[in-house]
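Below: one structure, written as structure tokens.
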2 protein chains.
Amino acid sequence: MTIKLYCFGESGNAYKAALTLQLARLDWSPIYVDFFGGETRSERFRSEINSMGEVPTLMDGETTLSQSGAIQHYLCDTYAPDFGTRHDHKNEVLRWVLWDNHKLSSQAGVARFLQNFVPEEKRPEPVITFLKGRLKAAFKILDAHLADREWIADKTPTIADFSCCGYLFYPEPYGFVRKDWKHIDRWLSRLQELPDWKHPYDLMPGNPADRA
Amino acid sequence: MTIKLYCFGESGNAYKAALTLQLARLDWSPIYVDFFGGETRSERFRSEINSMGEVPTLMDGETTLSQSGAIQHYLCDTYAPDFGTRHDHKNEVLRWVLWDNHKLSSQAGVARFLQNFVPEEKRPEPVITFLKGRLKAAFKILDAHLADREWIADKTPTIADFSCCGYLFYPEPYGFVRKDWKHIDRWLSRLQELPDWKHPYDLMPGNPADRA
């Protein structure tokens with residue numbers, strides 16, 4: 001039975017789950033969620049898909065799950081242990097998934113949203129500036145960590161990589177300039193060279209051009 | 001061999017790890033980190049404890065680990081599977097640990113820090129207001145989730161509970177008023193009634209009174 005992922009192209013959190021499904025070569029389909037049209041706030045989405053209005057949400061047989069990191073861990077555990085749960089490095093993998101959710105993607109997602117998807121007159125500039133400061137500290141940590149290794153948590157790619165890259169391939173400005181971070185830049189190139197890698201706007205339906 | 005937890009009382013993230021150690025009745029000692037004196041930025045801390053300057057950091061024999069959620073998961077997996085890794089509910093447990101790191105504690109920790117531990121003239125009020133708005137949305141989700149259950153992810157307490165409560169017992173104001181959230185309030189009382197439960201300022205060294 002095909003795994004369903006409720007997602008939309010602009011969501012870096014959804015991309016983390018989609019990229020894991022894609023690189024594990026699982027049988028899955030993206031189901032478009034009209035986030036910008038308010039679908040995640042609808043009664044139907046809350047009762048049938050996710051009561052918290054979260055995207056991504058995964059449906060795989062009896063299992064329904066939200067939170068990209070939990071979805072990634074479940075997919076690993078169930079289908080693709082090479083991506084992070086079989087390894088001696090499983091603690092290190094989960095540490096970086098949590099670090100990403102705590103320190104990197106949670107700031108990147110909000111900064112990108114505020115700077116690009118909120119009308120200019122409503123943009124809270126001091127908040128964007130503050131988030132960019134926190135992001136810069138996170139990029140510094142990640143860049144230093146990648147100086148002497150190819151992948152974040154093991155000798156091969158894991159969900160730690162597919163989590164931390166969640167917002168880093170998007171073209172919209174939010175304070176991440178890839179060429180400023182040499183080791184992150186090379187690591188992103190390695191990800192792009194993986195067989196089956198796809199850009200978020202190619203892997204999931206929905207992108208800003210649709211709404212232009 | 002005694003497990004060491006590098007921590008300080010004011011850190012809700014450290015509390016999550018300390019509370020897991022405490023409720024699992026493990027042999028552990030808190031090692032005080034002088035965060036406010038700059039210890040996590042010191043060369044010694046970065047080279048000997050954690051290169052990212054993170055608190056909490058756990059040391060257990062050969063294992064050194066940071067990120068509270070990764071520490072909690074490791075402790076569960078190694079010593080206390082009843083707290084979340086043995087269960088049929090293990091996906092649900094990890095989902096809530098990630099939700100907490102992503103949506104609740106990351107906002108609560110920063111809001112509390114900015115409002116209480118930054119000199120008044122340097123406080124970025126628009127940022128605090130923004131974070132409180134996001135926090136309110138998170139409290140609403142958690143309160144609704146607890147309306148018809150005693151514990152967050154299973155019939156018994158798990159690391160999902162010990163994660164989500166990380167910042168909720170502290171007295172400093174940051175937008176959480178316990179009596180405003182009926183179901184959260186009752187759930188916190190259930191936690192406080194667990195044998196061996198302790199308040200963060202009783203479980204770990206260091207509290208604002210020391211620096212007054």
Side-chain angles (χ1 to χ4, degrees), chain A residues 13 16 46 50-54 57-58 60 62-75 77-78 85 88 90-107 109-110 114 124-131 133-134 137-138 140-142 144-145 153 160 163, chain B residues 13 16 46 50-54 57-58 60 62-75 77-78 85 88 90-107 109-110 114 124-131 133-134 137-138 140-142 144-145 153 160 163:
Chain A
N13 288 318
K16 299 172 195 178
R46 300 257 165 171
N50 181 282
S51 64
M52 291 144 83
E54 291 196 316
T57 292
L58 181 94
D60 180 18
E62 298 294 295
T63 300
T64 296
L65 206 53
S66 68
Q67 283 295 322
S68 63
I71 293 171
Q72 290 187 307
H73 196 267
Y74 163 80
L75 291 172
D77 217 19
T78 314
T85 50
D88 294 345
K90 68 178 179 174
N91 293 323
E92 191 65 6
V93 169
L94 190 58
R95 180 169 89 93
W96 281 97
V97 169
L98 278 151
W99 178 82
D100 169 56
N101 276 268
H102 186 182
K103 304 269 180 81
L104 177 53
S105 287
S106 44
Q107 329 292 334
V110 177
L114 296 176
E125 294 298 342
V127 175
I128 296 173
T129 302
F130 177 82
L131 291 171
R134 299 203 17 113
K140 200 174 158 188
I141 294 271
L142 184 60
H145 181 71
S163 187
Chain B
N13 288 317
K16 299 173 196 179
R46 300 258 167 173
N50 181 283
S51 64
M52 292 144 83
E54 290 196 317
T57 291
L58 180 96
D60 180 18
E62 298 294 295
T63 301
T64 297
L65 205 53
S66 67
Q67 283 295 322
S68 62
I71 294 171
Q72 290 186 308
H73 196 266
Y74 163 80
L75 291 172
D77 217 17
T78 314
T85 50
D88 295 344
K90 69 178 178 174
N91 293 322
E92 191 66 5
V93 169
L94 189 58
R95 178 168 90 92
W96 281 97
V97 169
L98 278 151
W99 178 83
D100 170 56
N101 276 268
H102 185 184
K103 303 270 180 79
L104 176 54
S105 286
S106 43
Q107 330 292 335
V110 177
L114 295 176
E125 294 297 344
V127 175
I128 296 173
T129 303
F130 178 81
L131 291 170
R134 294 195 31 102
K140 200 174 155 188
I141 294 271
L142 185 59
H145 180 71
S163 187

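Letters A, B, ... mirror the listed sequences (proteins, then strands); counts begin at 1. This is a predicted model, so every value here is computed, not measured.
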Based on non-hydrogen pairs under 4.5 Å, which of B/E92, B/Q107, B/E54, B/R134 is most in contact with chain A? B/E54

Chain B heavy atoms under 4.5 Å from A/L114: which part of the residue, side chain, backbone, both or neither? side chain

For B/D77, give me all partners under salt bridge (charged side-chain N to carboxylate O under 4.0 Å, His left out), at least two apart in sequence or on another chain. A/K90

Under 4.5 Å between any side-chain heavy atoms of B/L94 and A/Y74, yes or no? no

Tell me, for A/D100 versus chain B, whether the close heavy atoms (under 4.5 Å) come from the side chain, the backbone, both or neither. neither

Given a strict heavy-atom distance threshold of 4.5 Å, which part of A/L98 is in contact with chain B: side chain, backbone, both, or neither? both

Among B/T129, B/N91, B/L131, residue most engaged with chain A (heavy-atom pairs, under 4.5 Å): B/N91

Test of understanding: with side chain to side chain contact (heavy atoms under 4.5 Å, CB included), list the residues that count as partners of A/E125, not counting sequence neighbours. A/R123, A/I128

For the pair B/T57 (side chain) and B/S66 (backbone), establish whether a donor and an acceptor sit closer than 3.5 Å, ignoring hydrogens and angles. no

What part of A/V93 gets closer than 4.5 Å to chain B, counting heavy atoms only: side chain, backbone, both or neither? neither

Do the non-hydrogen side-chain atoms of B/K16 and B/S105 ever get within less than 4.5 Å of each other? yes

What orientation do B/H145 and B/W96 show, parallel under 30°, tilted 30 to 60°, or perpendicular over 60°? tilted

Can you tell me which of A/V110, A/L65, A/V127, A/N13 forms the most heavy-atom pairs within a distance under 4.5 Å of chain B? A/V127

